[in-house]
Number of protein chains: 2
Amino acid sequence: MKKTGTELTGVKEIARRANVSIGTVDRVIHNRKGVSEETKNKINAIIEEMDFRPNKMASLLASRKILNFAVLIPAVSDETDYWSYPLNGIKQAAEEIRQFGVIVQYYFYNLDSKSSFHTAAEEMLQNEPDAILMAPSFVEESIGFTQKIRELELPLVFINSDLPDQPGLSYIGPELYQSGKLAAQLTSFALQKPDKILTINIATGLENNHHLLRKEQGFKRFFEDSGLANEVITLNINDTKLDPTEKALLPALTAEPAIKAIFVTNSRVNVIAEILAKHKRTDILLVGYDFLKKNIDYLITGQITFLICQRPKEQGYLGVMALYKHLFKISEVEKSTYMPIDIITKENYMFYNG
Amino acid sequence: MKKTGTELTGVKEIARRANVSIGTVDRVIHNRKGVSEETKNKINAIIEEMDFRPNKMASLLASRKILNFAVLIPAVSDETDYWSYPLNGIKQAAEEIRQFGVIVQYYFYNLDSKSSFHTAAEEMLQNEPDAILMAPSFVEESIGFTQKIRELELPLVFINSDLPDQPGLSYIGPELYQSGKLAAQLTSFALQKPDKILTINIATGLENNHHLLRKEQGFKRFFEDSGLANEVITLNINDTKLDPTEKALLPALTAEPAIKAIFVTNSRVNVIAEILAKHKRTDILLVGYDFLKKNIDYLITGQITFLICQRPKEQGYLGVMALYKHLFKISEVEKSTYMPIDIITKENYMFYNG
DNA sequence: CTGAAAGCGCTTACAG
DNA sequence: CTGAAAGCGCTTACAG
């Protein structure tokens with residue numbers, strides 16, 4: 001435990017060298033007006049020469065700033081606890097940067113309701129945040145919204161899904177196509193020559209769920225590239241409940257007895273697992289998405305073999321930290337951070353944190 | 001961007017309420033002597049009541065402390081770049097906490113040389129660090145060493161491998177047994193009834209490598225529990241070079257033509273891959289450890305199917321952050337953090353960061 | 001356009 | 001055992 005030396009450093013030293021007061025130095029550092037070009041240049045030269053970096057702690061302390069981070073994400077619903085993971089990551093980050101004067105405020109919207117997105121977004125803007133973390137689940141609505149944010153020049157980070165061509169500060173989330181390919185590779189291990197594969201998209205408003213399609217494309221691409229001859233059949237189910245899903249699934253399985261593997265393109269895989277379990281179809285390999293309680297349960301029974309997961313908790317954590325690092329000039333923020341594509345099985349789920 | 005209020009807070013408010021000077025408050029906060037029991041109790045009561053938490057930034061600023069973190073880990077060697085990952089994670093963390101007055105100093109030892117560990121450890125102690133992050137690769141030597149550290153009452157975090165019953169602040173690393181079980185599960189997918197499996201331990205000084213044994217145990221346990229009848233054969237190779245390994249491997253494969261899968265208990269899996277590739281044995285499923293350049297190359301060619309990896313970079317990062325969080329009282333530090341057990345394949349390695 | 005002073009919430013000698 | 005003062009490296013009014 002050593003002490004720093006006693007030579008003049010920082011603004012004082014700059015002021016001394018430039019023969020001005022530290023007030024003027026401060027103005028230059030923060031690009032405030034009211035400094036002559038001449039003094040400004042002189043001071044900037046000295047800053048350059050000293051490789052001066054302001055002491056963030058001192059500045060924070062002196063300015064007594066409170067930064068408000070707004071978080072705009074889907075609410076945790078009864079149907080899926082997926083969003084509890086990003087939320088936990090966000091909360092952990094919030095806890096860690098609280099002492100630096102950052103307050104995180106939450107605005108939740110309902111995934112069933114575009115108007116709830118609007119309401120939450122508007123309320124958020126009312127409160128004049130200094131930075132925004134959002135999951136742009138509704139593409140159209142989010143685009144309109146980000147335009148407002150851009151006018152306000154607020155740093156904006158996307159998690160979970162990206163908004164094409166919207167210039168946010170950063171995107172942190174999955175690359176869907178490749179995760180589909182991975183799912184296909186995992187499926188292929190247990191497959192024999194004549195076996196067929198069923199790909200299932202389950203969602204209300206399937207036409208809006210282009211991200212499911214991306215995964216499906218990646219999945220099919222793997223089989224095309226690999227030269228494996230297994231046929232891939234697609235089943236779209238425009239409903240997330242058990243009964244309609246069962247009514248759609250059973251005929252498909254009866255029609256194609258050669259189906260030995262099912263790939264569900266999202267976290268609803270537990271619904272399929274429930275149906276398969278009910279009908280004692282343990283001969284079918286089931287692969288799906290996300291580290292949800294219900295999914296883990298079927299992983300343990302063996303009805304689901306692989307879950308693919310892209311670190312939702314870490315997405316939330318990194319999202320907040322990206323804003324923090326940007327605003328506090330800790331380090332540069334990556335334009336895109338694609339999360340690793342994790343494979344969860346019966347034998348490693350216990351060490352996965354979501 | 002709001003400002004904090006102007007009411008008296010912190011030490012000043014405590015001093016006002018207790019009718020003492022802030023100097024005395026400071027003494028109580030830091031448990032320094034020279035305060036009467038009475039004042040002490042009064043102040044402590046107020047601190048309790050206010051739920052007062054010192055402003056770490058102000059205290060850091062005022063004390064101008066520089067904290068030295070010492071890192072004692074194996075050097076990156078020609079043979080394996082494994083340790084470059086923890087090192088990168090450590091550097092990233094170091095960069096992030098530099099502005100809080102933390103300086104990280106590195107002490108590298110050679111995995112082939114216990115004396116190099118001694119030298120590095122001694123040098124480290126000479127420099128009087130305030131906290132220590134270490135990988136206790138040599139168990140005996142590390143135990144002796146941690147006793148000295150305990151006398152100095154320095155916070156100590158272990159990464160990569162644990163030291164049984166040594167009371168460090170925290171352990172961050174893998175749980176080996178379970179990763180062996182996972183390897184077995186992955187192997188089992190592609191296995192037929194009569195197929196046999198070869199488990200290979202490659203290391204010099206195998207008798208010291210109890211961690212390889214742990215993985216092997218987990219691996220075998222999976223097959224016992226699962227009721228799969230596949231025979232598991234073990235091959236120990238007390239050398240890490242290609243030629244001796246080849247001389248040991250080929251006879252084993254000839255003796256047991258039914259071997260259709262090989263599990264290598266550490267990162268030397270690329271050596272086995274090289275031999276198998278040379279002899280065109282693409283029929284054998286190969287599973288091993290660690291996200292090394294050489295291993296990834298064979299993952300891409302398909303000679304290796306699965307790599308198991310336990311986030312070495314994150315271990316380094318979290319290790320430094322654990323010391324930081326402890327010393328700066330950001331949050332409590334977990335006694336043990338077992339890393340997730342990641343599965344790397346040809347289809348997801350590109351998004352893995354090590 | 002610039003400077004001098006007060007202050008952020010602490011810590012550190014120093015004096016008594 | 002306790003207090004008053006100076007200072008950490010900045011920012012913020014205020015005055016000129």
Practice item. Ignoring backbone atoms, establish whether B:Ser59 has a side-chain N or O less than 4.0 Å from OP1 or OP2 of C:dC10. Key: no
Check your understanding: What nucleic acid atoms does B:Ile22 come within less than 4.0 Å of, heavy atoms only: base, sugar-phosphate, or nothing?
Key -> base
Check your understanding: Going by atom types alone, do B:Asn88 and B:Tyr317 pair a side-chain donor with an acceptor below 3.5 Å?
Key -> no
**Study point:** Dot-bracket encoding per residue of DNA chain C, Watson-Crick/G-U cut-off under 3.5 Å, | denoting interstrand
**Key:** |||.||||||||.|||
Check your understanding: Want to settle it: does B:Ser21 or A:Ala58 sit nearer the 5' end of DNA chain D, counting the closest nucleotide to each?
Key -> B:Ser21
Revision key, fill the gap. For B:Leu152, the side-chain contact (heavy atoms from CB on, under 4.5 Å) test, sequence neighbours excluded, returns B:Leu125, B:Leu154
Check your understanding: If you check the A:Val20 side chain, which of C:dC8, D:dC10, C:dG3 turns out closest?
Key -> C:dG3
Exercise for review: Specify the closest pair of heavy atoms between A:Gly319 and A:Leu133, including all atoms of both residues, with the distance to one decimal.
Suggested key: CA-CD1, 3.7 Å
Practice item. Using heavy atoms and a sub-4.0 Å distance, could you list which residues of residues 38-50 of chain A are near DNA chain C? By number, please. Key: A:Thr39
Point to revise | Listed partners of A:Ala322 passing side-chain contact (heavy atoms from CB on, under 4.5 Å), at least two apart | key: A:Val157, A:Ile172, A:Val333
Exercise for review: Just compare C:dT2, C:dC10, D:dG9 and give me whichever is closest to any side-chain atom of A:Arg27.
Suggested key: C:dT2
Practice item. Go through the structure and list residues passing side-chain contact (heavy atoms from CB on, under 4.5 Å) with B:Ser116, not counting sequence neighbours. Key: B:Tyr109, B:Asn110, B:Ser113
Point to revise | Nucleic acid contacts of residues 29-36 of chain A, taken as heavy-atom distances under 4.0 Å to DNA chain C | key: A:Gly34, A:Val35, A:Ser36
